[in-house]
Amino acid sequence: MQKITFLNNQWQIPNNPIIGYIVGDGIGQDVTPVAINVLNAAVEKAYSNQKSINWQEVFVGEKALQQGKELLGEEALNLMKDLRITLKGPLTTPVGKGFRSLNVAIRQKLDLYACVRPVKYFPGVPNPMKHPEKLDVIIFRENTEDVYAGIEWEKGSVGVQKVRNFLISEMGVKMRPDSGIGIKPISKTGSQRLVKAAINYAINKSRKSVTLVHKGNIMKFTEGAFKNWGYQVAEQQFIEQLAKEGAGNSHDKIIIKDRIADAMFQQLLLRPDEYDVIATTNLNGDYLSDACAAQVGGLGIAPGANINYETGIAVFEATHGTAPKYAGLDKVNPGSVILSGVMLLETLGWQEAADMIVAAVTKTIQQKTVTYDLARQMENATEIKCSEFGQRIIENM
């Protein structure tokens, strides 16, 4: 039983790593234990007794309060830093106090600048598209700037009046007096490290293109700058590497291109197979990742991760909410946490176990033995519990 270390921008993975887990609030109590069971079973089946995961609980959210701790205390943050890799269920925040969002707070305090969202169709999943299988993208969404920086002043407040007066008198800006004001900082540093991570992913996974998505036709010095800085990092840091290595073999190339954000929504609906890796700003990425998930069946089977590729700290998480009315009912789909666990296994380099889970999830869905969210949309489906869905996946490995 050993901790994961990080050396020369690479995770050093022992055969028996200690990995953190946050159960989460609401339905976290249902989905997270099921996901852990599935991951353990896959590792055992793939590697016998040669590899195993040693899980250590990290107390955040409601479970932290039950332990007499803060919602998100320094102890929990330091443990996530120390362990480096954590699996997380959904978290909520009590209304009217504390953090705006525990999920956002974790990303900001650990500087998890890349929100990575793979979106791919599982055959048999109900969806609104004629050809959902054409969509196979990985979205890299900047996680610390733009609207996530949270810089804003409420209408009528002292702060908004000061900012408004400055903008009008010093900058010549026209603005209605009943305005709230928000500022969206987008930096060269934040943009380039995000694009660098996306291009590195494309190289390592033999992907064909990276698309920079922005609203630079309107916001030229933030969104437009993101695009320009993205091309700069591609040219300055990767052109020699790509010329030598290609994307899989010496004859391949990675295309770096860009699209305006509103046009990108149409492109992903009408020509999804022309896109591969997407790198974008925070708000654009929020919209796009959820919209893409809807095209292949919804957030119930959409995985996600928040990663700092420079410090080697990563949190793999459910992309859906806490759905408190279903908490403890053993009812909801655990697919999002399970598939986030697949991303975790891939980060460990345990591809055999990851592939085993993907194949078993696919088989289980095709057998139409699914949780209620999928069963109600399928003909002749058998509705099973959350825990039973996890067990069926294990049996299908």
Item to check | Non-hydrogen side-chain atoms of Val160 and Glu154 separated by less than 4.5 Å | outcome: no
Next on the checklist: Side chains of Glu44 and Asn40: any donor to acceptor distance under 3.5 Å?
Outcome noted: no
Checklist entry - Are any non-hydrogen side-chain atoms of Leu268 and Tyr275 less than 4.5 angstrom apart? => result yes
Checklist entry - Using a distance-only test with no angle check, is there a side-chain donor-acceptor pair under 3.5 angstrom linking Lys88 and Asn306? => result no
Item to check | Heavy-atom check, side chain of Gln232 versus side chain of Lys188, under 4.5 Å | outcome: yes
Next on the checklist: Can you see whether Tyr113 engages Glu142 through a side-chain donor-acceptor pair at a distance of less than 3.5 angstrom?
Outcome noted: no
Next on the checklist: Check whether Glu223 reaches the backbone of Lys215 with its side chain - one donor and one acceptor, N or O, closer than 3.5 Å.
Outcome noted: yes
Item to check | Audit row: Thr92, Leu102, side-chain contact (heavy atoms from CB on, under 4.5 Å) steps and yes/no | outcome: CA-CA 7 Å; Thr92 191; Leu102 287 175; over 6 Å; no
Next on the checklist: Once rounded to the nearest 0.5 Å, what's the spacing between atom CD of Glu395 and atom CD of Glu388?
Outcome noted: 10.0 Å
Item to check | Heavy-atom neighbours of Lys155 NZ exceed 12 at 6.0 Å | outcome: no
Item to check | Ion pair check, Lys331 and Asp30, cut-off under 4.0 Å | outcome: no
Next on the checklist: Within this structure, what is the OG1-CG distance for the pair Thr362 and Asn396, rounded to the nearest 0.5 Å?
Outcome noted: 10.0 Å
Item to check | Beyond-backbone contact of Asp258 with Val213, side-chain heavy atoms, under 4.5 angstrom | outcome: no
Item to check | Distance-minimising heavy-atom pair for Val337 and Ala318 | outcome: CG2-CB, 3.5 Å
Next on the checklist: Assess the residue pair Asp178 and Arg164 against the criterion (salt bridge (Lys or Arg N to Asp or Glu O under 4.0 Å)); give the C-alpha distance rounded to whole Å, side-chain angles, the decisive distance to 0.1 Å, and a yes or no.
Outcome noted: CA-CA 10 Å; Asp178 58 348; Arg164 182 174 173 272; over 6 Å; no
Item to check | Where at least one partner belongs to residues 120-177, residue pairs that pass ring-ring contact (aromatic ring centres under 6.0 Å, His included), sequence neighbours excluded | outcome: Phe140-Tyr201
Checklist entry - Take atom CE in Met175; do more than 12 heavy atoms of anything else shown fall under 6.0 Å from it? => result yes
Checklist entry - Linking I/L/V/M/F/W/Y whenever their side-chain heavy atoms sit closer than 4.5 Å, directly or via other members, would Tyr231 and Val210 fall into one cluster? => result yes
Checklist entry - Between Lys368 (side chain) and Ile365 (backbone), is there a donor-acceptor pair under 3.5 Å? => result no
Checklist entry - Given the rule that I, L, V, M, F, W and Y join up when any side-chain heavy atoms are under 4.5 Å apart, are Met171 and Ile151 in one cluster? => result yes
Checklist entry - Is it true that the side chains of Asp25 and Thr322 contain a donor and an acceptor less than 3.5 Å apart? => result no
Checklist entry - Would you say the side chain of Phe389 lies within less than 4.5 Å of the side chain of Asn333, judging by non-hydrogen atoms? => result yes
Checklist entry - Does the side chain of Pro118 reach to within under 4.5 Å of the side chain of Pro303, using non-hydrogen atoms? => result yes
Next on the checklist: For residues 57-76, which residue pairs pass the salt bridge (Lys or Arg N to Asp or Glu O under 4.0 Å) check, not counting sequence neighbours?
Outcome noted: Glu57-Lys63, Lys69-Glu75
Item to check | Residue pairs, two or more places apart or on separate chains, that pass ring-ring contact (aromatic ring centres under 6.0 Å, His included) and touch residues 325-374 | outcome: Tyr47-Trp350, Tyr326-Tyr372
Item to check | Over all atoms of both residues, closest heavy-atom pair of Asn15 and Gln50 | outcome: CB-O, 3.4 Å
Checklist entry - Do you know which two heavy atoms are closest between Phe316 and Ala305, and how far apart they sit? => result CD2-CB, 3.4 Å
Item to check | Stepwise side-chain contact (heavy atoms from CB on, under 4.5 Å) check, Val31 with Cys386 | outcome: CA-CA 7 Å; Val31 298; Cys386 171; 4.2 Å; yes
Checklist entry - What are the two closest non-hydrogen atoms of Ala294 and Pro128, and how far apart are they? => result O-CD, 3.4 Å
Checklist entry - Is the NZ atom of Lys385 crowded by more than 12 outside heavy atoms at less than 6.0 Å? => result no
Checklist entry - Do other residues, nucleotides or ligands put more than 12 heavy atoms under 6.0 Å from the NZ atom of Lys162? => result no
Checklist entry - What do the steps show when you test Val116 against Tyr309 for side-chain contact (heavy atoms from CB on, under 4.5 Å), and what is the final call? => result CA-CA 11 Å; Val116 184; Tyr309 290 96; 3.7 Å; yes
Checklist entry - Have Ser52 and Asn16 got a donor and an acceptor in their side chains that come within less than 3.5 Å? => result yes
Checklist entry - Would you find more than 12 non-hydrogen atoms of other residues, nucleotides or ligands less than 6.0 Å from Lys120 atom NZ? => result no
Checklist outcome for this item: d(Ile260 CD1, His214 NE2) to nearest 0.5 Å is 4.0 Å
Item to check | Check: Asp276/Ser209 side-chain N/O donor and acceptor closer than 3.5 Å | outcome: no
Item to check | Donor-acceptor pair between Asn127 and Gln377 side chains, under 3.5 angstrom | outcome: no
Next on the checklist: Hydrophobic cluster membership, with links at side-chain heavy-atom distances under 4.5 Å among I/L/V/M/F/W/Y: are Val358 and Val370 in one?
Outcome noted: yes
Next on the checklist: Taking CG in Leu269 as the centre, count heavy atoms belonging to other residues, nucleotides or ligands within less than 6.0 Å. Is the count above 12?
Outcome noted: yes
Item to check | Distance-minimising heavy-atom pair for Ile313 and Met80 | outcome: CG2-O, 4.2 Å
Next on the checklist: Could you check whether Arg107 pairs with Glu317 (Lys NZ or Arg NE/NH1/NH2 to Asp/Glu carboxylate O, under 4.0 Å)?
Outcome noted: yes
Item to check | Under 3.5 Å side-chain donor-acceptor pair for Glu145 and Asn282 | outcome: no
Checklist entry - Would you say Ser340's side chain and Gly304's backbone share a donor-acceptor pair under 3.5 angstrom? => result yes
Item to check | side-chain contact (heavy atoms from CB on, under 4.5 Å) evaluation trace for Thr281 with Asn284 | outcome: CA-CA 6 Å; Thr281 53; Asn284 291 329; 2.9 Å; yes
Next on the checklist: Can you confirm whether Ile4 sits close enough to Leu348 that some side-chain heavy atom of one is under 4.5 Å from a side-chain heavy atom of the other?
Outcome noted: yes
Next on the checklist: Applying the side-chain contact (heavy atoms from CB on, under 4.5 Å) criterion to Thr369, which one of Glu383, Lys363, Arg392 satisfies it?
Outcome noted: Arg392
Checklist entry - Distance-only, no hydrogens or angles: does the Ser206 side chain make a donor-acceptor pair with backbone N or O of Ala202 under 3.5 Å? => result no
Next on the checklist: Within this structure, what is the CD-OG1 distance for the pair Gln29 and Thr32, rounded to the nearest 0.5 Å?
Outcome noted: 9.5 Å
Next on the checklist: When you group the ILVMFWY residues by side-chain heavy-atom contacts below 4.5 Å and let the links chain together, are Ile218 and Trp229 in the same group?
Outcome noted: no
Item to check | Ile301 side, atom CD1; Leu339 side, atom CG - distance, nearest 0.5 Å | outcome: 7.0 Å
Item to check | Nearest-0.5 Å distance that lies between atom OG1 in Thr280 and atom NZ in Lys227 | outcome: 13.0 Å
Item to check | Donor-acceptor contact present, side-chain Ser179 to main-chain Ile181, <3.5 Å | outcome: no
Checklist entry - Applying the 4.5 Å side-chain criterion to the ILVMFWY set and letting contacts propagate, would Leu270 and Val137 be lumped into a single cluster? => result no
Next on the checklist: Would you call the rings of Phe265 and Tyr287 parallel, tilted or perpendicular, taking 30° and 60° as the class edges?
Outcome noted: tilted
Checklist entry - Just wondering, do Ile19 and Thr86 contact through their side chains at under 4.5 Å, heavy atoms? => result no
Checklist entry - Would Asp111 and Arg193 pass as an ion pair if we require N to O under 4.0 Å? => result yes
